[in-house]
> 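Below you will find the structure I want to go over with you.
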Amino acid sequence: MAVKAINDEGHFQAELSAAGGKLVVVDFTATWCGPCRNIAPLFEQLPTKYPKAVFLKVDVDKCAETAATQGVSAMPTFIFYRARTKIDRLQGADINGLEAKIQKHYATSADESGEDYGQGMLDLNTFIQKNQCECLNEADDHPWTNALTSSGGHLASDCDEQLIISITFNQVVKLHSLKIKAPPTHGPKHVKLFINQPRTLDFDMADSYVSVQDLEIDPKDLETGNPTKLRFVKFQNVQNIQLFVKDNQSGGETTIIDHLAFIGQPIATTKMDDFQRVAGKKGESH
């Protein structure tokens, strides 16, 4: 594994596409930049430490089009991508800050289980906007955020077996399947799915509204964490999704979810606000 030097915009886009759902870390650098030269040997060591990620180097003078399109105006700038979509960035030669961001995004570089879903599908955990999400009837000591990782606690219902989990993505996505890992006795049984609601539904609304899809989860799938396929054609343009868990497998008072994952792909490969036009030509004042 080594850092790949990018030759031009076509090469850059080809590498992003080839990486699929892997984390891609790009160093936008320049030969005349002192801090770039200082961090370069440290950046070269990263592919060995993080073999599931892809590391690219873009010389902004050789690849001016790529630098301009990605909104890079200071060097070094590090931009992080998954599924050809920007997910983070860091400006400056800060190796500790760079590694912290790599570690943050690296866990979901493939699925945490290492599973490859094919056809450009990936675990969309990176694209969940956690501060815009909520869960109704969660237990205080077992909140919904526990379910977003496959280790470190679980989500449990509080007063009764029902839950409403409202998930917002930071961009529009297509959803292919839903992955719920839970104890086969206490995991969800009947789940109603709603998309693109202006606000979180209450339990009466969720019970009476017509859903986009109703699921009956097989206890075997809960035990193994096998994905439950969605009607893909109905989930082509999803900004938010709400899961109304009506009951659990045993009919008990407490529903438990160990891990909840959404498998699909982001629609936007580049957001329009990333196209930052530089005013004037080189040498002109602006």
Side-chain angles (χ1 to χ4, degrees), residues 16-24 52-54 80-88 104-135 144-145 147-150 155 163-182 187-188 191-197 200-201 211-218 221-222 224-245 257-272 274:
L16 288 186
S17 294
K22 288 183 180 176
L23 175 66
V24 181
K52 277 197 219 163
V54 174
F80 301 75
Y81 302 82
R82 182 174 284 113
R84 297 181 62 219
T85 306
K86 282 186 194 182
I87 55 172
D88 211 340
K104 174 185 167 187
H105 298 298
Y106 186 71
T108 52
S109 190
D111 177 77
E112 286 183 349
S113 65
E115 189 165 349
D116 178 8
Y117 298 102
Q119 301 174 308
M121 301 296 167
L122 62 146
D123 183 335
L124 294 171
N125 185 298
T126 300
F127 302 99
I128 292 175
Q129 197 167 340
K130 295 180 178 65
N131 63 349
Q132 298 289 318
C133 301
E134 65 176 324
C135 179
W144 72 272
T145 47
L148 288 189
T149 58
S150 54
L155 161 64
L163 288 163
I164 291 179
I165 305 166
S166 177
I167 300 290
T168 299
F169 298 99
N170 62 15
Q171 59 192 275
V172 180
V173 301
K174 298 178 180 183
L175 289 180
H176 176 269
S177 49
L178 190 63
K179 194 169 168 181
I180 302 174
K181 197 164 192 321
V191 180
K192 292 177 74 173
L193 303 180
F194 304 89
I195 61 170
N196 301 341
Q197 296 293 318
T200 302
L201 302 174
S211 68
V212 178
Q213 186 172 352
D214 289 354
L215 302 175
E216 183 169 350
I217 311 292
D218 189 317
D221 290 338
L222 292 175
T224 58
N226 276 345
T228 301
K229 283 195 177 171
L230 305 179
R231 289 192 200 115
F232 194 36
V233 68
K234 301 257 191 186
F235 295 87
Q236 293 290 299
N237 193 26
V238 178
Q239 185 69 63
N240 65 63
I241 184 167
Q242 295 187 34
L243 288 70
F244 170 40
V245 178
I257 298 176
D258 291 320
H259 187 211
L260 174 65
F262 301 88
I263 311 306
Q265 56 193 162
I267 288 177
T269 54
T270 314
K271 294 182 190 172
M272 287 312 292
D274 292 331

> Work out which heavy atom in Asn237 is nearest to a heavy atom in Asn196; give both atom names and the distance.
O-ND2, 2.9 Å
> Please name all residues satisfying side chain to side chain contact (heavy atoms under 4.5 Å, CB included) with Lys174, sequence neighbours left out, ordered by chain then number.
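Listed in chain order: Phe232, Gln236, Gln265, Ile267.
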> What are the two closest non-hydrogen atoms of Gln132 and Thr168, and how far apart are they?
O-OG1, 3.3 Å
> Tell me the closest heavy-atom pair linking Arg84 and Ser17, and the distance in Å.
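Closest pair (atom of Arg84, atom of Ser17, distance): CD-OG, 3.2 Å.
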> Which distance, rounded to the nearest 0.5 Å, do you find between the CG of Asn226 and the CG of Asp218?
9.0 Å
> Any side-chain heavy-atom pair from Asp88 and Lys104 closer than 4.5 angstrom?
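They are in side-chain contact.
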> Step through the shown structure and confirm whether more than 12 heavy atoms of other residues, nucleotides or ligands are within 6.0 Å of NZ on Lys130.
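Correct, the count exceeds 12.
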> With distance as the sole test, does Asn125 use its side chain to make a donor-acceptor pair with the main-chain N or O of Leu148 at under 3.5 Å?
yes
> Side chains of Leu124 and Pro266: closer than 4.5 Å at any heavy-atom pair?
yes
> So, for Leu201 and Gln242, which heavy atoms are closest and what is the spacing to 0.1 Å?
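So the two residues come closest at N-OE1, 2.9 Å.
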> Calculate, to the nearest 0.5 Å, the distance between atoms NZ and CD1 belonging to Lys234 and Ile195 respectively.
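Separation between the atoms: 9.0 Å.
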> State, with a plain yes or no, whether a side-chain heavy atom of Ile164 is found less than 4.5 Å away from one of Phe194.
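In short, these two side chains do not touch, never coming nearer than 4.5 Å.
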> CG/Asn170 to NZ/Lys86 distance, rounded to the nearest 0.5 angstrom?
13.5 Å
> Specify the closest pair of heavy atoms between Pro188 and Leu222, including all atoms of both residues, with the distance to one decimal.
O-CD1, 3.6 Å
> Just how far is it from atom CD of Glu134 to atom CD1 of Ile167, taken to the nearest 0.5 Å?
10.0 Å
> Is the side chain of Asn240 donor-acceptor paired with the backbone N or O of Gln197 at a distance under 3.5 Å, no angle test?
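Side chain of Asn240 to backbone of Gln197: a pair is present.
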> Is any side-chain heavy atom of Leu163 less than 4.5 Å from a side-chain heavy atom of Trp144?
no
> Going from SG on Cys133 to CD1 on Ile165, what distance comes out if it is rounded to the nearest 0.5 angstrom?
10.5 Å
> If I take atom CG from residue Leu193 and atom CG from residue Leu175, how far apart are they, to the nearest 0.5 angstrom?
9.0 Å
> Any side-chain heavy atom of Lys229 within less than 4.5 Å of one from His176?
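Result yes, sub-4.5 Å side-chain heavy-atom pair found.
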> Does any N or O in the side chain of Arg82 come within less than 3.5 Å of the main-chain N or O of His105, such that one atom is a donor and the other an acceptor?
yes
> Relative to the ring of Phe262, is the ring of Phe169 parallel (under 30°), tilted (30 to 60°) or perpendicular (over 60°)?
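Phe169 vs Phe262 ring planes: perpendicular.
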> Taking all non-hydrogen atoms of both residues into account, name the closest pair between Arg231 and Gln213 and its distance.
N-OE1, 2.8 Å
> If you define the side chain from C-beta out and look only at heavy atoms, does anything of Leu230 sit under 4.5 Å from Leu178?
yes
> Is there a side-chain contact between Leu260 and Leu243 in this structure, where contact means two heavy atoms from C-beta onward sitting under 4.5 Å apart?
yes
